[in-house]
Amino acid sequence: MASNISEDLRSGALVYHRLPKPGKLEIQATKPLGNQRDLALAYSPGVAAACEAIAADPLQAAELTIRANLVAVVSNGTAVLGLGDIGPLAGKPVMEGKAVLFKKFSGIDVFDIEIDAKTVERMVDVISALEPTFGGINLEDIKAPECFEVEAQLRERMKIPVFHDDQHGTAIIVGAAVRNAMEVGNRKIEELKIVASGAGAAALASLNLLLTLGAKKENIWVCDIEGVVYDGRNTLMDPYKEKFAQKTDKRTLDEVIEGAHIFLGLSAGGVLKPEMVKKMADHPLILALANPTPEIMPELAREARPDAMICTGRSDFPNQVNNVLCFPYIFRGALDVGATDINAEMKMAAVEAIAALARETPSDVVARAYGGETRSFGADSLIPSPFDPRLILRIAPAVAKAAMDTGIATRPIADMDAYIERLDHFVFRSGFIMRPLFAQAKRSMKRVVYAEGEDERVLRAVQAVVEEGIARATLVARPTVLEARLKRFGLSIRPGQDFDLINPEDDPRYRDYVRDYVEVAGRRGVTPDAARTLVRTHPTVIAALMVRRGEADAMLCGIEGRFTRHLRQVRDIIGLAPGVKELAALSLLITPRGNFFICDTQIQTEPTAADLAEMTVLAAAHVRRFGLQPRVALLSHSNFGSHETLSAKRVRAALSIVRDREPGLQVDGEMQADAALVEDIRRHSFPHSSLQGMANVLVMPDLDAADIAFNMLKVLGDALPVGPILMGTAKPAHILGPSITARGIVNMTAVAVAEAQTVE
């Protein structure tokens, strides 16, 4: 079965999976193996001690092995996404993807296991034999009705959680949406008529969960490809579907939809027509969850019924029903208490936690993270965003508590507050840091001009920017060159439709640009002749002039050429923000240990105390746009007065200036790097430090230290760099550097848009 993805997405996906190494996963050792002693501890003879401990007490496996944090994602490839029965090998990329989601969202390690087994008996035998290896089993992409029987038998045979996400993940989020829709509509679920289109694993599991919530079976009508599921039907029936058969002579969705309060669509695009929606009850809940095309597009449903509450499976509409809302966190809670099952109570705890989160008033941190604009609970906010960082903090503890309350936890949590604090630390370690900026960018798109618009990385980035809806792009590029490269790279974006184009060889604004450039930079050595040449040949000049003239809100440049050349042009044309004395650069490193901002990594070679103070204040403002509370360490070779060198005194003086300018900022120094990153070391050196926890903003004493530290951490820490973020300009402008990737350009687009939103 062929997928209907675009050619550019197909090409990009193949590159993504192929380079720089095949696949999306790798295995890394968590303990050192640097000498003979390490080898003796890790393997023979030392490993025998761990083996003997587990033989004596099997619960010790949770303390001595990875098992308590290891899940198997198991599939036989019979129902892979929208591709159908493509087999276990072809389904492997999907299972690797599921593994990545587990790791990214909840820190759970996964082995994806694709099995060549189609019968229920064979699947159960193979999967149940894996119990000694794993703390939990996530069944994936196994077709109905076999998936129901496989899960039921495995739950009987195994003493670890078994969870078919295609069923229960969707069902839990549907349950949360219905739970909140009832509250918005002031209705009782036992009174509601529910009509389902689709009778696969997800649909039937959702209906069963709604029964648990209180829905009446006689009020539930199910339709599939053969029409209404009715009593006496013989075609495409099974015991799981038979449960919802109605005694009726109605045979079509159109016939049963009248008066329905809830439509649950897990079938195919376009099956729910506007005229059907008009027949539904007042304030209907429409769950049109088919992907990529819903059973009805939200705008059509809204036009037919302005009072409708609408959920889809898509990220470009409110109320996205996405399994990633729950499965990582359900397993997190189950594994952390050593649950022997994921029972009904744990699923209901997840439903209530998700529903309650949607009703919460966002905290200050979350509001900042989402640009200060968050939807209040209501028809357009029945369920949280999949990118809400609080999901793990609500769902995992609720699931863990339900497991403990029902007596299936083998390792109960003694201190729930401490557990939640550990989860909170994970959120800010796990690379979630870019998500709030993307969410903020989508709320109010800004115009971003890309100076090197012909570069392949820029073009691939703009394709993603267009698809994500985070900015309106303008490319500085020659039309003929651009057209040829879009075709060569297989990209679908088109000038005038998806992005704007400025031709450096023939633009009607050329004379105006030359005049403006001479006006702003004439006293800095830019003659009219030089201006005419530069406007034709230097795309950074064009991009900067567009931002200065208000034709763009932000600019990205610097992929080609020296940083200093771009910096001069940006400084000359865009200038400094009011009150700023000098520009500085802030670079972010997303590492497995946390997220760290370092400055100044590009510009000021030997900053004065005043310069250090200014860049500290500017950096703190940028960090807050990421939804983080800045914790600033002013670094030095000196540790709280241990040396009296000129550089140490300069850093010490900067602290005094920062505290005067921004007394509420959590900042301290001068201190050494280990003191900044390890609180115990800092407390030992200076017990009265005002800095709490691990610093996330590291202000270096000079450019050499900043550049060396940044590049060493990037390589040795296996870190993802974001930036550099240029600080202090009058309008957002960022100089990226020649090594940046397409992904890095997309990230910096979100940074630039978020900044533009705050300076408008």
Undergrad: Check this for me, if you would: do R447 and E551 make a salt bridge, where the nitrogen-to-carboxylate-oxygen distance has to be below 4.0 angstrom?
TA: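 Here R447 does not pair with E551 in a salt bridge, since their nearest N and O are not under 4.0 Å apart.
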Undergrad: Answer whether the closest heavy-atom distance between the side chains of Y513 and I502 falls below 4.5 Å.
TA: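 Y513 vs I502: side chains touch.
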Undergrad: Give a yes or no on whether a salt bridge exists between D572 and R565, defined as a side-chain N under 4.0 angstrom from a carboxylate O.
TA: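 Answer for the salt bridge query: no.
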Undergrad: Pairing donors with acceptors under 3.5 angstrom, does anything connect the side chains of Q320 and S385?
TA: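 Result is no, nothing qualifies.
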Undergrad: Which pair of heavy atoms, one from A654 and one from A609, lies closest together, and at what distance?
TA: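 Closest approach of A654 to A609, heavy atoms only: CB-O, 3.5 Å.
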Undergrad: Are a donor atom and an acceptor atom from the side chains of H734 and E755 found within less than 3.5 Å of each other?
TA: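 Yes - a donor-acceptor pair under 3.5 Å links their side chains.
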Undergrad: Grab the two heavy atoms, one from P724 and one from M748, that are nearest each other, plus how far apart they are.
TA: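 Taking every non-hydrogen atom into account, O-CE, 3.6 Å.
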Undergrad: What are the two closest non-hydrogen atoms of A543 and M555, and how far apart are they?
TA: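 So the minimum-distance heavy-atom pair works out to CB-CE, 3.8 Å.
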Undergrad: State, yes or no, whether a side-chain contact exists between I603 and L567 at a heavy-atom distance under 4.5 Å.
TA: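 Answer yes - side chains close enough.
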Undergrad: Quick check against the 3.5 Å criterion: does K24 have a side-chain atom that pairs as donor or acceptor with the backbone of V100?
TA: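 Flag not set: sc K24 to bb V100 has no pair under 3.5 Å.
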Undergrad: Hey, is K581 close enough to E614 for a salt bridge, meaning N to O under 4.0 Å?
TA: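 Here K581 does not pair with E614 in a salt bridge, since their nearest N and O are not under 4.0 Å apart.
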Undergrad: Give a yes or no answer on whether the side chain of E582 reaches the backbone of D611 with a donor-acceptor pair at less than 3.5 Å.
TA: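 Side chain of E582 to backbone of D611: no pair is present.
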Undergrad: So, the side chain of N696 versus the backbone of R631: is there a donor-acceptor pair under 3.5 Å, distance only?
TA: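 Present.
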Undergrad: Taking atom types as modelled, is there a side-chain donor on Y510 or E505 under 3.5 Å from an acceptor on the other?
TA: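 The criterion, which ignores hydrogens and geometry beyond distance, is not satisfied for E505 and Y510.
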Undergrad: Look at the side chain of R457 and the backbone N and O of I740, then say whether any donor-acceptor pair between them is shorter than 3.5 Å.
TA: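 Side chain of R457 to backbone of I740: a pair is present.
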Undergrad: Less than 4.5 Å apart, any side-chain heavy atom of F596 and any of L713?
TA: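 No. Closest side-chain heavy atoms not under 4.5 Å.
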Undergrad: Given S587, which of D600, T601, D707 fulfils the side-chain hydrogen bond (donor to acceptor under 3.5 Å, both in side chains) condition?
TA: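 Considering D600, T601, D707, a side-chain hydrogen bond (donor to acceptor under 3.5 Å, both in side chains) with S587 is found only for T601.
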Undergrad: Ring pair (Phe, Tyr, Trp, His ring centres under 6.0 Å) between F597 and F626: does it pass, once the steps are laid out?
TA: CA-CA 11 Å; F597 296 84; F626 286 82; 5.2 Å; yes
Undergrad: Quick one: do R624 and E662 make a salt bridge, cutoff under 4.0 Å?
TA: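 Yes, this pair counts.
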Undergrad: For a quick test of reading the model, state the closest non-hydrogen atom pair linking L586 to C599 and the distance between them.
TA: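 Distance-wise, the nearest heavy atoms are CD1-CB, 3.9 Å.
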Undergrad: Donor-acceptor pair, distance only, cut-off 3.5 Å: does the side chain of Q569 make one with the backbone of T540?
TA: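 Side chain of Q569 to backbone of T540, a donor-acceptor pair under 3.5 Å: no, none is there.
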Undergrad: For the pair E483 and K487, find out whether any cationic side-chain nitrogen is under 4.0 Å from an anionic carboxylate oxygen.
TA: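 Not counted as a salt bridge, because no side-chain N and carboxylate O are separated by less than 4.0 Å.
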Undergrad: May I ask you to say whether E456 pairs ionically with R485, meaning some side-chain N is under 4.0 Å from a carboxylate O?
TA: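 Salt bridge between E456 and R485, a charged N being under 4.0 Å from a carboxylate O: no.
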Undergrad: Is L576 close to T729 at the side-chain level, that is, under 4.5 Å between some pair of heavy atoms?
TA: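 Contact flag for T729/L576 side chains = no.
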Undergrad: Please answer whether the main-chain N or O of I573 pairs with a side-chain N or O of R548 as donor and acceptor at a distance below 3.5 Å.
TA: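 Between the backbone of I573 and the side chain of R548 there is a qualifying donor-acceptor contact (under 3.5 Å).
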Undergrad: Regarding Q666 and Q629, is there a side-chain donor-to-acceptor distance under 3.5 Å anywhere?
TA: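 Side chains of Q666 and Q629: no pair found under 3.5 Å.
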Undergrad: Under the 3.5 angstrom rule, does the side chain of N319 hit a backbone N or O of I310 as a donor-acceptor pair?
TA: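 Yes.
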Undergrad: Would you check if the side chain of R571 reaches a backbone N or O of H566 as a donor-acceptor pair within less than 3.5 Å?
TA: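 Side chain of R571 to backbone of H566, a donor-acceptor pair under 3.5 Å: no, none is there.
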Undergrad: For S444, does its backbone N or O pair with a side-chain atom of Q757 as donor and acceptor, under 3.5 Å?
TA: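 Between the backbone of S444 and the side chain of Q757 there is a qualifying donor-acceptor contact (under 3.5 Å).
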Undergrad: Would you tell me whether R625 and T758 have side-chain atoms, one donor and one acceptor, within less than 3.5 Å of each other?
TA: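 Yes, T758 and R625 have a side-chain donor paired with an acceptor closer than 3.5 Å.
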Undergrad: Would a distance-only check, ignoring hydrogens and angles, find a side-chain to backbone donor-acceptor pair under 3.5 Å from R472 to A552?
TA: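 Not at all, since once roles are kept as given, no pair shorter than 3.5 Å links the two residues.
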Undergrad: If I compare all heavy atoms of I574 with all of A730, which pair ends up nearest, and what's the gap?
TA: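 Minimum heavy-atom contact is O-CB, 3.4 Å.
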